[in-house]
Amino acid sequence: MNDSSDKLPPMKPSGIAARALAARGAAPATTHAGYLSGLNDEQRDAVESTEGPVLVLAGAGTGKTRVLTSRIAHILATKRAHPSQILAVTFTNKAAREMKHRIGHMVGQEVEGMPWLGTFHSIGVKMLRRHAELVGLRSNFTILDTDDQIRLIKQLLQAEQLDDKRWPAKMFASLMDGWKNKGLTPDQIPQGDARAFAEGRGRKLYQAYQDRLLTLNAADFGDLLMHPINILRNHPDLLAEYHRRFRYILVDEYQDTNIAQYLWLRLLAQRPAGQQPNLCCVGDDDQSIYGWRGAEVDNILRFEKDFPGAKVIRLERNYRSTQHILGAAAHLIAHNEGRLGKTLFTDLVDPEHDKVAVTNAWDSEEEARAIGEEIEQLQRKGHALNDMAILVRASFQMRGFEDRFVTLGLNYRVIGGPRFYERMEIRDALAYFRVTVQPADDLAFERIVNTPKRGLGDVAIKLLHEYARAKNIPLLAAAGELIEGEEFKPRPRAALAEIVHNFRRWGEMVTHMRHTDLAETILEESGYTAMWQNDRSAEAPGRLDNLKELIRSMDDYDSLPGFLEHIALVMDTEQNESMDAVSIMTLHSAKGLEFETVFLPGWEEGLFPHQRSLDEGGRSGLEEERRLAYVGLTRGKKRVKIWFVSNRRIHGLWQSTIPSRFLEELPEAHVEVAEASSSYGGYGASRWDQDAFSTSSYQTPGWKRAQAAAQAGGYPGGRDGRISYGENGVSGSNPRDNAARRADKYINRDGTTRNEPATGFAGRMNEPYVAQASRGSNQPPRKGAGLYSSAIAGGPREISGELIAKSVAETPSQFSEGDRVFHLKFGNGTVAIVDGNKLTVDFDKAGQKRVLEGFVQPI
DNA sequence: GTGAACTTCGTTTTT
DNA sequence: CGAAGTTCAC
């Protein structure tokens, strides 16, 4: 358990990136040619196969980034190309930064000279600024953020007199996003899509939106790729120029590319017949988790067809995880179809290594307590908190952990969440700067005309709009003219006049004042700083800090316009990684990271796999969820601890839950089903514990709320968290005796077998797959109330060697068809179908429902 | 035009 | 249950 390699590295790493770097076994690369040493055969092959199309299938932890950076270093060192002749694209700024940094290390200096290493978007902007006039923009166009975008759409919808309840702006935004992800201009969208929104006005609105962007001299994120695609398509001379320029093209995370990105790449990688591009795409189809935002796994699956004769290199030697972790992950992901197929292996085999642990907790609070306890135990053994992470499926899960860690005084850090630039105060401040630099930036102007409150509401804005539209001038200019007239009442007119004059003054200062000072002046004189100073809310001080931080960060740029240009794309800021803290984040944001110990809570049906993925994505939705699970598992280096709870509060109501099907897909050989720490009282008592049953008020009338709240407050495990659950928690019965008893297997349409009826999961909208009976309680069922007291449900397995089969005794249900039963919420009914511990009951009044048998009594 | 009551709805997120 | 957005009375 406590193997020596667990000890802290001699040098204290400063951050996640640094740790990741060190951990990937990056050779010191002190000499300039050192980039080749320490590579395994496949990695070396990937680095040296510089000519022609190459697809590198890099499994988790196989040194993907290392290959990419070494390859670039190799191209440079062998003088195959100048830095400016290499196009290297990533998805995130972080990845781009890390690559720059590491190449710099290898080559011996910072690679300032790689102008075309960056994100799809930053490279798109670069191209677009060069040729902006070809699509009707000026090269100083603004990049809209999502807020601006929504506001603009709202205006358009209003102009169309559309009911914004029925046709929300956000819906149209995501629709348009989808089109742009596919590289479709308004005239190219399919007929069906065009009709989909607002009774056939989709296309027209899209066109109107694009027109409006042009007049605003603005582009949204989708345009940053759309426009370049159209430019390259329509201007062969330019395309040829880029073909000559980019002698080598590299793409990171190819499995995440969407259609637009694919089209863009394909244009750039196009070569005359008989020639092949020097294109290297690196990715892992098993880690494709962004299908929901337009990523096409198909791009990577199709690579060999797109580029006949492509060389495919598999990186399967894993340098990160123990054999148990890899074994579990491999077995799980094998349940997906349509993979390119890789099997990770490692030499890290040690009988001392922990198996992947699966543990059950009664409810989410106990889950947080138990994980907190485990973290403290590890900490006492000398493990750094920085080496531990909790990876959740959905961000609402984070809260429980945060609450728990606060009471424990355990340092934690939430990764993800609203990013710095997305915060309201930052966007407001930026809007002030934008208008200062570009008085025609209507969207920015609108954002802050009445922030802080100046008494300029809808009426005033509307007037401004009408005037501006009539004269075809920007809003600020319209304001400038209107304050001379009598259109406004005195008070709004004065307010408007002040803004107009302020912006004029600030605009003049841009040239002779230091930009950081000017920024401070603007926020000061506009009353924006004062607004937060007078705000008594808890967040206000933090917001002021953020504003300070914003101004401080402007120091890194040499002018206000320069700063704004950058901030639109590179808007993330570093987290303070100096303190030792447990990381809490979603599985999505964990991709690419690694930790000694990884906790994976919440493996329950409905949450993980998420019900919505199942409902909306069907089989492929499930497979993407499975890939997420795979990503989660493969983040762990030494220890992976999976948890699932029997009861979870969803939308404020306690619901009993069923273990994730992914648990059943784990191999027995690498996984152990752990008992929850004894201090939590072990597993539940008999399901028929009368007291427990009657106290778990599944249906609490409104008048009982206060009472319930009081009970909840006294619910064991408050501050201390070490209290056992008391009388209900003790029982002589073996926890597993209460396992779900599923006898029958069900055959899916695809021929695989499952232990659940397929209908339980598919086709049910907006309703997590939980026992009906358990819904409607605002109090957690007490432990021992006996739902899913077992560690894991299971039955005979089809795939051999999978988890649990042996650990659960098969007990037939005590009910059979035709039995009369009573249910607290639904009343009396007749059992129609018995499915293990799940019953389908025809209730006399409530109709047919599926319930867990623990919730009904025989009558 | 603004704050307070009321309704709605509930993944994942980068740029 | 709680956040976010919306409506409604001053």
Side-chain angles (χ1 to χ4, degrees), chain A residues 89-96 118-125 143-146 149-150 154 164-165 168-170 174 177 180-181 219-225 253 256-258 260-261 289-295 391-399 415-419 421-422 424 450 452-461 489 491-492 495 566-572 585-592 602 606-617 621 624-625 627-628 631-632 648-655 700 705 708-709 712 766-768 776-780:
Chain A
V89 273
T90 64
F91 272 83
T92 63
N93 291 304
K94 195 175 155 200
T119 63
F120 277 98
H121 294 267
S122 67
I123 292 171
V125 177
I143 299 164
L144 296 193
D145 65 26
T146 22
Q149 210 180 340
I150 296 289
K154 275 190 176 151
D164 55 355
K165 269 272 163 53
K170 278 190 179 157
S174 65
D177 203 47
K180 293 191 175 185
N181 282 160
D220 66 19
F221 279 116
D223 288 344
L224 301 183
L225 270 173
E253 306 277 20
D256 286 339
T257 49
N258 61 33
Q261 286 154 342
I289 54 175
Y290 286 112
W292 52 273
R293 65 174 197 210
L391 311 182
V392 299
R393 172 68 240 273
S395 41
F396 74 82
Q397 292 172 262
M398 292 179 180
R399 193 151 167 185
I415 313 258
R419 275 169 304 286
Y421 75 94
E422 276 177 347
M424 190 204 317
N450 202 30
K453 301 260 181 293
R454 300 184 174 95
L456 294 166
D458 292 347
V459 180
I461 309 293
K489 297 208 176 85
R491 216 177 320 173
H566 230 83
I567 203 76
L569 289 174
V570 190
M571 293 186 274
D572 57 348
M585 69 187 95
T586 63
L587 287 160
H588 283 94
S589 39
K591 194 167 80 158
L607 176 59
F608 191 37
H610 199 282
Q611 191 59 37
R612 269 182 87 156
S613 300
L614 267 27
D615 289 342
E616 290 163 19
E624 184 155 310
E625 294 285 301
R627 291 193 289 268
L628 249 193
V631 167
R648 188 173 289 280
R649 207 163 64 176
I650 301 170
H651 307 336
L653 299 175
W654 283 95
Q655 299 188 154
T700 309
R705 288 270 168 84
N766 298 325
E767 193 167 12
S777 169
N778 50 15
Q779 178 193 28

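Chain identifiers are assigned alphabetically (A, B, ...) following the order of the sequence lines, protein sequences preceding nucleic acid strands; residue numbering begins at 1 within each chain.
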Report task. Rounded off to whole Å, could you give me the CE-to-C1' distance for the A:M585 and B:dT14 pair? Result -> 16 Å
Query raised in the report: Counting only side-chain N and O atoms of A:R612, is one of them less than 4.0 Å from OP1 or OP2 of B:dT12?
Result: no
Query raised in the report: Between B:dT15, B:dG10, B:dT11, which one does the side chain of A:H610 approach most closely?
Result: B:dT11
Query raised in the report: Choosing from C:dA3, B:dT12, B:dG10, which nucleotide comes nearest the side chain of A:H651?
Result: B:dG10
Report summary line: To the nearest angstrom, the CD1-P distance between A:I650 and B:dC9 comes to 18 Å
Query raised in the report: Roughly how many Å is it from CZ in A:R649 to C1' in C:dA3, rounded to a whole number?
Result: 14 Å
Query raised in the report: Taking only residues two or more places apart in sequence or in another chain, which ones pass side-chain hydrogen bond (donor to acceptor under 3.5 Å, both in side chains) with A:T586?
Result: A:S589
Report task. Report the residues that fulfil ring-ring contact (aromatic ring centres under 6.0 Å, His included) with A:F91, sequence neighbours left out, ordered by chain and then residue number. Result -> A:F120
Query raised in the report: Looking across every strand, which nucleic acid part, if any, lies under 4.0 Å from A:S613 by heavy atom: base, sugar-phosphate, or nothing?
Result: base
Query raised in the report: Are the ring of A:H588 and the six-membered base ring of B:dT12 within the stacking cut-offs of under 5.5 Å and under 30°?
Result: no
Report task. Indicate the atoms forming the closest heavy-atom contact of A:M585 with A:A590, along with that distance. Result -> SD-CA, 3.7 Å
Query raised in the report: Residues in ring-ring contact (aromatic ring centres under 6.0 Å, His included) with A:H588, at least two apart?
Result: A:Y290, A:W292
Requested in this report: Can you sort out the partners of A:S122 under side-chain hydrogen bond (donor to acceptor under 3.5 Å, both in side chains), two or more places apart, ordered by chain and number?
Outcome: A:T119
Requested in this report: Please state how far atom NZ in A:K170 lies from atom C1' in C:dT6, giving the value in whole angstrom units.
Outcome: 13 Å
**Report entry** Same-atom distance (P) from C:dA4 to B:dT11, integer angstrom
**Finding:** 12 Å
Query raised in the report: Between A:K165 and A:M398, who's closer to the 5' end of DNA chain B by nearest nucleotide?
Result: A:K165
Requested in this report: Provide the distance between the two C1' atoms, one in B:dT12 and one in C:dG5, to the nearest whole Å.
Outcome: 22 Å
Requested in this report: Quickly work out the A:I150 CD1 to C:dG5 P distance and round it to whole Å.
Outcome: 10 Å
Pull out every protein N or O sitting under 3.5 Å from an N or O of nucleotides 1-3 of chain B, one pair per line with the distance.
{"from": "B:dT2", "atom 1": "OP1", "to": "A:G455", "atom 2": "N", "distance (Å)": "3.4"}
{"from": "B:dT2", "atom 1": "OP2", "to": "A:N450", "atom 2": "ND2", "distance (Å)": "3.0"}

Query raised in the report: Is any side-chain nitrogen or oxygen of A:T586 closer than 4.0 Å to OP1 or OP2 of B:dT11?
Result: no
Query raised in the report: Within this structure, what is the NZ-to-C1' distance between A:K180 and B:dT13, rounded to whole angstrom?
Result: 18 Å
Requested in this report: Starting at atom CD of A:E422, determine the distance to atom P of B:dT15, rounded to an integer number of angstrom.
Outcome: 10 Å
Query raised in the report: Between A:F91 and B:dT15, do the rings stack, that is, sit under 5.5 Å apart with planes less than 30° off each other?
Result: no
Requested in this report: Locate the shortest heavy-atom distance separating A:L587 from A:G632; write the atom from each residue and the value.
Outcome: CD2-CA, 3.5 Å
Query raised in the report: Quick one: A:R419 CZ to B:dT15 P, roughly how many Å, whole number?
Result: 7 Å
Requested in this report: Report yes or no: does A:D220 contribute a side-chain atom to a donor-acceptor pair with the main-chain N or O of A:I143 at less than 3.5 Å?
Outcome: no
Query raised in the report: side-chain hydrogen bond (donor to acceptor under 3.5 Å, both in side chains) with A:D256: which residues, sequence neighbours excluded?
Result: A:K591
Requested in this report: Look at A:N93 and B:dT15 and indicate whether a side-chain polar atom (N or O) is within less than 4.0 Å of OP1 or OP2.
Outcome: yes
Query - 5' priority, DNA chain B, between A:S395 and A:T146 [closest heavy atom] - result: A:S395
